[in-house]
Structure formats: structure tokens, C-alpha cells
Amino acid sequence: MKHIVKILSLLVAISAFWIGLLQAAIVPRSHTWLLPIYFVVSLGCYGLLMVGVGLMQFPTCPQEAVLLQMDITEAKEFFRHKGVDVGSD
Amino acid sequence: MELADRAVGLLLSSISLSIFTYYTFWIIILPFVDSDHFIHKYFLPQDYAILVPVFAGITLLSLLSVFIGMVMLKSKKKKA
């Protein structure tokens, strides 16, 4: 509930700022009308950028992968000796 | 497979950066340029600058709700 209140108050503050900007006419009028959609698009763009950057920097651990495969085969052998059906190999 | 990951990440970031620069140009810089400059040829009329993101957003929301609805229907059918 507190989260929703926080997000709503943020939205109200931003819209108040936008309406104030409209009234004061510091920036040209046509620009001010387009400002919300510009921010939404740039937010989406920023999210996409962060996803791309995270993908590029994701650390793979080849040694851990090899160790994991060894663990898996070891566990499968163990269970096969105990009589449990370990399925496909 | 980290090369494929890197390539996809690079593609995503380049797409996002290009969309951001194009849109920034479209909305902010182009109104200040004289109307007989050559660069206006590369940009669609400014009404599209609003229609295209709104349309894309609405499409995204509808696809999302269709997906959620299908998942909910499938789970209800499985329980019944």
C-alpha cells in the first residue's frame, strides 16, 4: 500500500510540474505538449539499453560449468547404483 | 555461447540508442530547424511522432493482456 502511495505521489508531482510548465510558457508550447510522451519513450529506451549492457557484461564461468557436469554424472551414477531410475542420459 | 549473448546485447543497445537519438531529433531539434532544410526529408511529419509510440504502447499492452488471459484460461482448464 505504501508503495502505491509513493508511486502515485510521484506521478502527481510530475504532472503538476508539467502543468506548471505549460502555464509558465518558458519552453515553447508545442514542446511542452510533447514532453510526457518523450519521457516515456526515453524511459523504455533506457530500459532496453540496460538490458543490452547487462547481456553484454554477463559473466559466464566455464570452469564451474565443467564442475557442474561432473557433479551431475556423479549423482546419476550414485542413484543408478541405488536402483533409482535416472531416465535419459 | 557468450559470443551470441554479446552479439544480442550489442544489437539491443544499438537499437535502443538509435531509437533514442532519432526520437530526440524528431521531437526536440526539428521544430527549431527552418522548414526548407534538407534534413526534414529524413524525418516523417511530426504528427507521426506521437502516433507511432502510442500505437506501439497500445499494441504492447494488448499483447501482454492477451498473453495473461491465455495463461489464466489454461490454468483454470487444467484445474477443472
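Residue numbers begin at 1 in each chain, while the letters A, B, ... track the order of the sequences. Reckoned from all heavy atoms, side chains included, excluding hydrogens, waters and symmetry mates.
The nearest pair of heavy atoms linking B/Arg6 to A/Met56 is NE-O, 3.1 Å. The two residues B/Ser16 and A/Cys45 make their nearest non-hydrogen contact at O-SG, 2.9 Å.
Under the 4.5 Å side-chain contact rule for hydrophobic residues, B/Phe25 and A/Ile37 share a cluster. Linking ILVMFWY side-chain heavy atoms closer than 4.5 Å, directly or via other members, places B/Ile15 and B/Leu10 in two distinct hydrophobic clusters. In the hydrophobic cluster analysis, where Ile, Leu, Val, Met, Phe, Trp and Tyr join through side-chain heavy atoms closer than 4.5 angstrom, B/Val54 is grouped together with B/Ile27. Taken together through direct or relayed side-chain contacts under 4.5 Å among Ile, Leu, Val, Met, Phe, Trp and Tyr, B/Ile58 and A/Leu34 form part of one hydrophobic cluster. One hydrophobic cluster holds both A/Leu48 and B/Val8 under the rule that ILVMFWY side chains link at heavy-atom gaps under 4.5 Å.
Looking at B/Thr24, both its backbone and its side chain come within 4.5 Å of chain A, counting heavy atoms on both sides. Proximity to chain B (any heavy atom under 4.5 Å) is shown, for A/Tyr38, by both the backbone and the side chain.
Taking CG of B/Asp5 as the reference point, atom CG of A/Leu55 lies at 5.5 Å (rounded to 0.5 Å). If you take CG on A/Leu49 and CD1 on B/Ile19, they are separated by 11.5 Å, rounding to the nearest 0.5 Å.
Within 6.0 Å of the OH atom in B/Tyr22, the count of heavy atoms belonging to other residues, nucleotides or ligands exceeds 12.
A/Val41 places none of its side-chain heavy atoms less than 4.5 Å from the side chain of B/Phe20.
Your options are B/Gly57, B/Gly9, B/Pro53, B/Ser13, and the one with the most heavy-atom pairs under 4.5 Å with chain A is B/Gly9.
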